[in-house]
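A short worksheet on the structure shown next.
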Amino acid sequence: MSTETLAQIVATVGKEIADAHRGEGKVADYIPALARVDANRFGLAVITCDGQMAEYGDAWLPFSIQSISKVFTLTMALQRMGESLWVRVGREPSGSRFNSIVQLEAEGGVPRNPFINAGAIVVTDAVLAGRTPGEAVDDIRDTLRRLAGADTIDVDKEVATSEAATGYRNYSLANFMKGFDNLHSPVEDVLQTYFHQCSLRITCRQLARAGLFLANEGVDPLTGEVVISPEHARRINAIMMTCGHYDASGEFAFQVGLPGKSGVGGGILTIVPDVAAVAVWSPGLNAVGNSQVGTLALERLAARMRWSVF
Ligand code: DON
C-alpha cells in the first residue's frame, strides 16, 4: 500500500495534469459573459468524510457553477416534494445534448431526468412553488452557503442577465412544458430563478465541501446536519452517475467510475461514496460540453486512489 498522503497525491495529480494539459478545450461562449474567463485556470479540491482537505492550483478562485447547481436544486426539490417529484421528471439518461427538446413532445412534456435543462427547469419550478423568484434564489444561495460554510457564494448578476438575454432554447423548453401543464409557476419566474441559480459563483473548495453530504448518505459528516434522507442521497448519486454528464455520462462512468455533475463553467463535482467529495475546475470544454482537463484530472485521481465504484 502506498504511503503517500492524500495531499501529496492531489498535488502530484494536479501538477501532472496542469503541466500536460492546461488550457485545453474550448471555453463556453454561447453565454457572452461566460466567454471572458481565463482558459488556463485549473483548480482541484478534495474533502474527505473524516475532514481531510487537499487542494491544487486555483481551488480558491470562484467560477460559474452553471449546471452543477442542478444537484443542489434536486436536493431541495426532494426535500420539499419527496417522491412525488418523479411524476414530473424521469430518471433515465437522455442520450441527447443538455438543451435538447426532441424527446419532450413524444414523452408528454415529462423530461427524461433532472440534469438535462428541461428536467432542471421542472426541478426549479418545484423549488420555486409558493414563493417569489427572489425568495427562491435566496434560498438556493443560502443553502449552498450553509453547506459550503462560505458566505461569499453569490449570484453573478452579469451572467444571469446574459443567460436571460440569450436563453432562447430554455424559453422554448419551458413554454413547451407549460403547454403540458408540467410547470406550475409562470415561465418567466421559473426561468429567472433557473438563470440565477446557474449564475452562482463558487470555488472548488466550497463546492467539494457543499457536496460532502452526498458522500455520507445525506448527512454532512463534519457538522452532523441531516441534509436529506439516505434513500434520496443514494438516488441523487445514481442520477449523477447515469445522467450527470449529458450524452457523455457513459463515457464519464467508463473513465472515472464515480457519480459526477458537470457545468459549462468548466466545473465538475464528483462524489466518492463513503469517502470524499471532489471538485475540479478548468474552463475549456470538450465537444459534449464537459470540462476537458477536469475530466482528465478526475480520471487520473480516481485511478491513483482506486476510487472507482466498479
Ligand atoms: O441552461 C443553460 O444554458 C446554462 N445556464 C446551464 C448549462 C450547463 O451548465 C449545461 N452544462 N453542462
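If you're wondering where the values come from, they're calculated on a predicted model, not measured in any experiment. Order of appearance sets the numbers: ligands from 1, and atoms from 1 within every ligand.
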How does [X] reach ligand 1, if at all, at less than 4.0 Å between non-hydrogen atoms: by side chain, backbone, both, or neither?
| X | result |
| --- | --- |
| S67 | both |
| V264 | both |
| I68 | neither |

Would you call Y246 a ligand 1 contact, heavy-atom distance under 4.0 Å?
->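 Right, Y246 reaches ligand 1.
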Any T203 side-chain heavy atom under 4.5 Å of L61 side chain =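 Of all side-chain heavy-atom pairs linking L61 with T203, none is under 4.5 Å.
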Decide yes or no for I116 and S100: does some side-chain heavy atom of the first lie under 4.5 Å from some side-chain heavy atom of the second?
->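 No, every pair of side-chain atoms sits at 4.5 Å or beyond.
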Determine, using the 4.5 Å side-chain heavy-atom cutoff (strictly less than), whether M241 and L298 are members of one ILVMFWY cluster.
->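 Result: yes, single cluster for both.
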Ligand-residue contact atoms, ligand 1 with N117, heavy atoms, under 4.0 Å =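 So the answer, numbered in order with elements, is 1 (O), 2 (C), 3 (O).
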Atom 5 (N) of ligand 1 - nearest protein heavy atom and its distance =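 Going atom by atom, the protein heavy atom closest to atom 5 (N) of ligand 1 ends up being E163 OE1, 2.5 Å.
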Atom 2 (C) of ligand 1 - nearest protein heavy atom and its distance |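 Its nearest protein heavy-atom neighbour is Y30 OH, 3.3 Å.
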Does Y194, backbone or side chain, put an N or O under 3.5 Å from an N or O of ligand 1?
->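 It does: an N or O of Y194 is found under 3.5 Å from an N or O of ligand 1.
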Test side chain to side chain contact (heavy atoms under 4.5 Å, CB included) applied to E105 and F176, step by step | CA-CA 8 Å; E105 178 163 26; F176 202 64; 3.6 Å; yes
Per atom 4 (C) of ligand 1, closest listed option by heavy atom (H245, Q66, K261, R169) |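 Heavy atom nearest to atom 4 (C) of ligand 1 belongs to Q66.
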Considering only NZ, NE, NH1 and NH2 on the basic side and carboxylate oxygens on the acidic side, decide whether E4 and R304 come within less than 4.0 Å.
->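 So E4 does not pair with R304 through a salt bridge.
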Mind running side chain to side chain contact (heavy atoms under 4.5 Å, CB included) on W86 and E83 for me, showing each step along the way?
-> CA-CA 6 Å; W86 303 121; E83 295 293 308; 3.6 Å; yes
